[in-house]
Asks: 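Here you go, one structure.
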Amino acid sequence: MQVIDSAEGGERWADEPIGVIVAPGGNQIVGYPGVGEPLSWTVAFEEPVYTKDGRGPFERATVLSRQLVPITTGSGE
């Protein structure tokens, strides 16, 4: 997954990092635990990343669902 900026909130990550979803995020912070779809996910990044304000490096982070987009390989498959 690629992490993108969202006008609707969420952390501002430098360079739109790439990572893999490894677990549900902390829904108790952004919604009711166990109700509906997860609103956030724990993402393990390919390489350590920083926020736009210089915090980091982070190897994992909780990311809002609306900030995650699938990566296309461009191979036509």
Side-chain angles (χ1 to χ4, degrees):
M1 302 298 284
Q2 185 165 14
V3 182
I4 60 169
D5 282 340
S6 171
E8 299 173 6
E11 190 64 70
R12 311 285 271 169
W13 297 99
D15 302 322
E16 296 188 340
I18 294 172
V20 176
I21 294 172
V22 295
N27 287 352
Q28 67 276 9
I29 296 171
V30 293
Y32 295 103
V35 177
E37 294 183 32
L39 300 175
S40 64
W41 297 94
T42 300
V43 175
F45 298 112
E46 283 187 339
E47 55 188 53
V49 298
Y50 292 84
T51 60
K52 286 188 175 180
D53 62 6
R55 289 178 289 125
F58 297 95
E59 293 181 4
R60 290 179 176 217
T62 300
V63 178
L64 297 176
S65 294
R66 65 178 160 257
Q67 290 184 272
L68 296 172
V69 295
I71 296 174
T72 56
T73 62
S75 64
E77 294 182 16

Asks: What are the two closest non-hydrogen atoms of A44 and V22, and how far apart are they?
Replies: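 That closest heavy-atom pairing would be CB-CG1, 3.8 Å.
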Asks: Give the other cluster members for V69, using side-chain heavy-atom distances under 4.5 Å between Ile, Leu, Val, Met, Phe, Trp and Tyr residues; answer none if it is isolated.
Replies: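 Once heavy-atom contacts under 4.5 Å are chained together, V69 belongs with I4.
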Asks: Could you pull out all donor-acceptor pairs under 3.5 Å where a side-chain atom in residues 9-17 meets a protein atom, sequence neighbours excluded?
Replies:
residue: E11; atom: OE1; partner: R55; partner atom: NH2; Å: 3.2
residue: E11; atom: OE2; partner: R55; partner atom: NH2; Å: 2.6

Asks: By the salt bridge (Lys or Arg N to Asp or Glu O under 4.0 Å) test, which pairs, at least two apart or in different chains, include something from residues 58-70?
Replies: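 As it turns out, the salt bridge (Lys or Arg N to Asp or Glu O under 4.0 Å) pairs with a partner in residues 58-70, which skip direct neighbours, are E8-R66.
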Asks: Who passes side chain to side chain donor-acceptor pair (under 3.5 Å) against S6, sequence neighbours left out?
Replies: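 Residues passing side chain to side chain donor-acceptor pair (under 3.5 Å) with S6: none at all.
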Asks: Verify the distance criterion only: is there a donor paired with an acceptor across the side chains of W41 and T62 at less than 3.5 Å?
Replies: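 Note: W41 and T62 side chains miss the donor-acceptor criterion.
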Asks: Looking at every heavy atom in both A61 and F45, which two are closest together, and how far apart are they?
Replies: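 Distance-wise, the nearest heavy atoms are CB-CE1, 3.8 Å.
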Asks: Not counting sequence neighbours, which residues clear side-chain contact (heavy atoms from CB on, under 4.5 Å) with P70? List them please.
Replies: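 Residues passing side-chain contact (heavy atoms from CB on, under 4.5 Å) with P70: M1.
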Asks: Side-chain contact, heavy-atom cut-off 4.5 Å: T51 with F58?
Replies: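 Of all side-chain heavy-atom pairs linking F58 with T51, at least one is under 4.5 Å.
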Asks: Rounded to the nearest 0.5 Å, how far apart are CD1 of I21 and OG of S40?
Replies: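 Interatomic distance, I21 CD1 to S40 OG, rounded to 0.5 Å: 10.5 Å.
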Asks: Which distance, rounded to the nearest 0.5 Å, do you find between the CD of Q2 and the CD of Q67?
Replies: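 These two atoms lie 12.0 Å from each other.
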Asks: How is the hydrophobic cluster of I71 composed, in terms of its other members, when Ile, Leu, Val, Met, Phe, Trp and Tyr link through side-chain heavy atoms under 4.5 Å apart, directly or indirectly?
Replies: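 Cluster partners of I71: I18.
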Asks: Check whether any side-chain heavy atom of V63 lies under 4.5 Å from a side-chain heavy atom of L68, and answer yes or no.
Replies: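 Yes; the side chains approach each other to less than 4.5 Å.
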